[in-house]
Amino acid sequence: MFTSFEEMPVTLSVEQAAEALSISTVSLYKLIKKDKTFPAVNMGRRIVIPKENLKKWLDNKVNN
């Protein structure tokens, strides 16, 4: 687990992002599929989440 935002890598795996959001990986995969605004990026067969985009997405969800 990361203790600060600065400690996180530039991109997060689905597992890391789920842990940061305190949800299961299954829930995150469902969110990625359902919410087209979620900042998931396909890198070949892998999905990554840029940490800056995740923060902006979450701030937007909280403020709306």
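The line from CG of Asn42 to CD1 of Ile32 is 8.5 Å long, rounded to the nearest 0.5 Å. Put simply, OG1 on Thr37 and NZ on Lys56 are 14.0 Å apart, with the number rounded to the nearest 0.5 Å. Atom-to-atom distance recorded for Ser13:OG and Ile49:CD1 is 7.0 Å, nearest 0.5 angstrom.
Between the side chains of Asn64 and Asn60, a donor-acceptor pair is found at a separation under 3.5 Å.
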In sequence, state the C-alpha distance, the side-chain angles, and the governing distance for Phe2 and Gln16, and then conclude on side-chain contact (heavy atoms from CB on, under 4.5 Å). CA-CA 9 Å; Phe2 305 107; Gln16 290 170 322; 3.8 Å; yes
side-chain contact (heavy atoms from CB on, under 4.5 Å) between Glu52 and Phe5, intermediate numbers included: CA-CA 9 Å; Glu52 291 293 336; Phe5 180 74; 3.5 Å; yes
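For Glu7 (side chain) and Thr3 (main-chain N/O), a donor-acceptor pair under 3.5 Å exists by modelled atom type.
A salt bridge links Lys61 with Asp35: at least one charged nitrogen is closer than 4.0 Å to a carboxylate oxygen.
When side chains are defined from C-beta on, Ser24 does not count as touching Tyr29, because their heavy atoms never get closer than 4.5 Å. Two residues are said to be in side-chain contact when any heavy atoms from C-beta on lie closer than 4.5 Å; Leu54 and Leu12 meet this criterion. Contact check for Phe38 versus Lys33: no side-chain heavy atoms found under the 4.5 Å cut-off. Residues Val14 and Val48 are not in side-chain contact: their nearest non-hydrogen atoms beyond the backbone lie 4.5 Å or more apart.
Under the 4.5 Å side-chain contact rule for hydrophobic residues, Met8 and Val41 do not share a cluster.
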